[in-house]
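Note that the numbering runs from 1 along the sequence shown for the chain. Both ligands and their constituent atoms are indexed starting at 1 by order of listing.
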Amino acid sequence: MKELIFATSNNNKIIEVQGKFDYEKCNIKILPVSQPFNPDENGKTFLENSYIKAFTAAKKMNKVAFGDDTGLCVKALNGRPGIYSARYALDGESKIEKLLNEMKEFKTLEEREAYFTCAITLVKPDGETLFQYQSKFEGYIDFEPKGEHGFGYDPIFKIKGSDKNLAELSLTEKNEISHRALALTEFIRWLNNNF
Ligand code: ITT
């Protein structure tokens, strides 16, 4: 079976990505990069940061690797936390608390528009990019956290056109519509044709 190194230290991402590959019957085994893995994510964009993760892992493992850089962009906050979504606060709970606090003055859902974006890059150990894609998944910042599934900002992300927050969806349901699912659909299509 073919193998791909996943340049991440986030177990939740590994579960979602392997789940999507299995669901799409993509016959590729996802192997997490050996830990510890903390590349300096100093890119200016999601795509740059996904490349930095992928290239660092590809060099480390001497194999083709892909990285996922994800963030939550809030319109009323001029796109913040954006590429700083991981460093916005120390842990998941305080990130949500800090964001809800910043959003206090925005009283209607329309003022709380936001989107998740997920950039994926596949890189060879010599640094050549084989595939790149960035998705966008629209919604709103809810007034309070809801749901027990998912991770990160999922409990406060209200899905556009739905009465549910992302954390109210099962893994399979999230993997049908989310920012990561949209990017992975393109990635798997590319892999099926080219890898
Ligand atoms: P790696 O860089 O090791 O892959 P990370 O968790 O640091 O793991 P990101 O930089 O891509 O990954 O994530 C930025 C932040 O966004 C981080 O706080 C995550 O918890 C959060 N996040 C990422 N994917 C998410 C998702 O699907 N739903 C909600 N929050 C997410």
Side-chain angles (χ1 to χ4, degrees), residues 4-20 30-58 60-61 65-74 77 79-100 114-123 132-142 145-159 164-185 187:
L4 273 185
I5 303 297
F6 188 9
T8 187
S9 53
N10 182 328
N11 274 325
N12 292 297
K13 284 189 184 178
I14 296 169
I15 292 166
E16 286 190 9
V17 169
Q18 188 64 63
K20 186 71 174 171
I30 306 298
L31 294 176
V33 62
S34 62
Q35 303 293 319
F37 180 72
N38 293 304
D40 194 8
E41 293 177 37
N42 56 11
K44 289 188 182 65
T45 64
F46 293 100
L47 284 170
E48 276 178 35
N49 280 335
S50 65
Y51 177 88
I52 290 167
K53 293 183 208 187
F55 186 29
T56 309
K60 186 175 186 183
M61 309 295 285
F66 69 99
D68 160 324
D69 197 53
T70 297
L72 178 60
C73 305
V74 182
L77 303 178
R80 279 189 302 114
I83 58 167
Y84 303 107
S85 294
R87 292 157 273 180
Y88 186 56
L90 284 179
D91 55 66
E93 218 167 289
S94 42
K95 281 177 206 164
I96 286 181
E97 218 171 281
K98 183 172 172 188
L99 189 52
L100 287 180
Y115 66 88
F116 269 117
T117 185
C118 177
I120 288 183
T121 300
L122 180 70
V123 177
Q132 254 193 340
Y133 186 81
Q134 185 172 353
S135 69
K136 189 173 180 180
F137 182 56
E138 291 182 316
Y140 309 91
I141 303 303
D142 205 348
K146 274 187 220 144
E148 304 297 327
H149 303 286
F151 66 97
Y153 298 93
D154 284 347
I156 53 166
F157 188 81
K158 192 172 190 58
I159 303 160
K164 286 195 173 158
N165 290 4
L166 256 186
E168 293 181 285
L169 302 189
S170 68
L171 173 66
T172 313
E173 289 169 333
K174 181 179 175 187
N175 259 346
E176 278 169 7
I177 61 169
S178 76
H179 43 288
R180 182 159 299 105
L182 293 168
L184 287 173
T185 297
F187 187 32

With heavy-atom distances below 4.0 Å as the criterion, list the atoms of ligand 1 near Ser9. 3 (O)

Does a donor on one side chain sit under 3.5 Å from an acceptor on the other, for Ser9 and Gln35? no

For atom 13 (O) of ligand 1, find the nearest protein heavy atom and state the residue, atom name and distance (0.1 Å precision). Thr70 O, 3.5 Å

Please check whether Glu16 reaches ligand 1 - meaning an N/O of the residue sits under 3.5 Å from an N/O of the ligand, judged on distance alone. no

Which residue holds the protein heavy atom closest to atom 12 (O) of ligand 1, what is that atom called, and what is the gap in Å? Lys13 NZ, 2.9 Å

Would you find a donor on one side and an acceptor on the other, under 3.5 Å apart, between the side chain of Ser85 and the backbone of Leu72? yes

Nearest-contact summary for atom 6 (O) of ligand 1 - protein heavy atom, Å: Asn10 ND2, 2.9 Å

With a 4.5 Å heavy-atom cut-off, do Tyr153 and Leu166 have their side chains touching? no

In short, Pro39 meets Ile52 closest at the heavy-atom pair CB-CG2, 4.3 Å

How close does the nearest protein non-hydrogen atom get to atom 20 (O) of ligand 1, and which residue and atom is it? Gly152 CA, 3.6 Å

Identity and separation of the nearest protein heavy atom to atom 28 (N) of ligand 1: Asp154 OD1, 2.6 Å

Proximal atoms of ligand 1 relative to Asp69 (non-hydrogen, under 4.0 Å): 10 (O), 11 (O)

With a 4.5 Å limit on heavy-atom distance, are the side chains of Ser135 and Tyr133 in contact? yes

Distance filter under 4.0 Å to Thr8 heavy atoms, resulting ligand 1 atoms: 1 (P), 3 (O), 4 (O), 8 (O)

May I ask you to decide if the ring planes of Phe66 and Phe187 are parallel, tilted or perpendicular, using 30° and 60° as cut-offs? tilted

From the options Lys53, Arg87, Gln35, select the one whose nearest heavy atom is closest to atom 2 (O) of ligand 1. Lys53

Counting neighbours of NZ on Lys60 that are heavy atoms of other residues, nucleotides or ligands and sit closer than 6.0 Å, is the number greater than 12? yes

What protein heavy atom sits nearest atom 7 (O) of ligand 1, and how far away is it? Ala86 CB, 3.8 Å

Number the atoms of ligand 1 from 1 as they appear, then name those within less than 4.0 Å of a heavy atom of Glu41, with their elements. 2 (O), 10 (O)

Any sub-3.5 Å donor-acceptor pair from Lys98's side-chain atoms to Ala89's backbone N or O? no

So is Phe116 touching ligand 1 or not, going by heavy atoms under 4.0 Å? yes

Heavy-atom contacts with Arg180 under 4.0 Å: which atoms of ligand 1 show up? List them by number with element. 23 (C), 24 (N), 25 (C), 26 (C), 27 (O)

Give the numbers and elements of all ligand 1 atoms closer than 4.0 Å to a heavy atom of Lys174. 26 (C), 27 (O), 28 (N)

Is the backbone of Leu47 close enough, under 3.5 Å, to the side chain of Ser50 for a donor and an acceptor to pair up by distance? yes

Closest approach of any protein heavy atom to atom 26 (C) of ligand 1, naming residue and atom: His179 NE2, 3.4 Å

Face-on cation placement of Lys136 at Tyr115 ring, 6.0 Å and 45° thresholds: yes

Heavy atoms only: which of Tyr153, Phe151, Phe157, Phe37 lies closest to atom 25 (C) of ligand 1? Phe151

Looking only at protein heavy atoms, which one is nearest to atom 18 (O) of ligand 1, and how far off is it? Lys95 NZ, 2.7 Å

Is the side chain of Asn165 donor-acceptor paired with the backbone N or O of Pro155 at a distance under 3.5 Å, no angle test? yes

